[in-house]
Amino acid sequence: MSAAGTLPSVLVIEDEPQIRRLLRLTLESNGFRVHPAANGKEGLDRARTERPEAVILDLGLPDADGVDILKEIRRGSAVPVIILSVRNGEQDVISCLNAGADDYLIKPFRQGELVARIRAAIRHRRGPEEKGVITAGPVTVDLDARVVKRGGEIVKLTGTEYALLELLVRNAGRVLTHRYILEQVWGPSYAEESQYSRVYVGQLRKKLEEDPSNPALIVTESGIGYRFAG
Ligand code: CA
């Protein structure tokens, strides 16, 4: 499908030469073109000029705050952005996800994981108002008819359960933070009430998952939020 010259391109914004080189080798050997950038300013320039299919953004840059770089990219583009960080659950990672990053990876990351995340981010690149039927394992969600089925049988959901599921499904593959989920489903005044999302995710898992204690559809991102693995 991808002839030379039409390979999907990834902008890599990372100041450490060794990691930049590792990212480049990994991506190129998996069929991506790579635009490297060694700092935030160069990254923003290349985001504008190269129009990449995805961006990998290291949060520890010498010249800029990762959240600001992300916001700047978002002003002109809905390109998928994957954050690189050294610590799980770091406030910067959460801020970036809240500001529109699609996913995150913690250093050191496995190369296969990196490639899988980028492919998923590009595949799930968001359209403005995605409608239709989403299938994930035994579950189908008809977003037009608002009907959820598991193994062909209709699953009865409460209004709140459906609203939560719809949010997750429409953002399949993306990590959604607790705060984002609470604000979208329950409203801004519930942004800190993470017991709501926990309880309702538990209910959805009971109704939808093969093994609710070992979920495959609504996956927990420890210390961050949830991801619908569609
Ligand atoms: Ca760095």
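Just so you know, ligand 1 is whichever comes first in the structure, and atom 1 is the first atom listed for that ligand.
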### Task
Show the numbers, then the answer: is there a side chain to side chain donor-acceptor pair (under 3.5 Å) between T220 and R205?
CA-CA 11 Å; T220 299; R205 282 172 172 162; 2.8 Å; yes
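Applying the ring-ring contact (aromatic ring centres under 6.0 Å, His included) test to residues at least two apart or on different chains, the pairs with a partner in residues 206-230 are H178-Y226.
Enclosure of atom NZ in K207 by more than 12 non-hydrogen atoms of other residues, nucleotides or ligands within 6.0 angstrom is indicated.
Take a cut-off of 3.0 Å around the Ca ion (ligand 1): the protein N, O or S atoms inside it are D15 OD1, D58 OD2, G60 O.
Looking only at side-chain heavy atoms (C-beta outward), L23 and F32 stay at 4.5 Å or farther from each other.
A salt bridge does not link R20 with D58: none of the charged nitrogens is closer than 4.0 Å to a carboxylate oxygen. Taking a cutoff of 4.0 Å between a charged side-chain nitrogen and a carboxylate oxygen, D103 and R117 qualify as a salt bridge.
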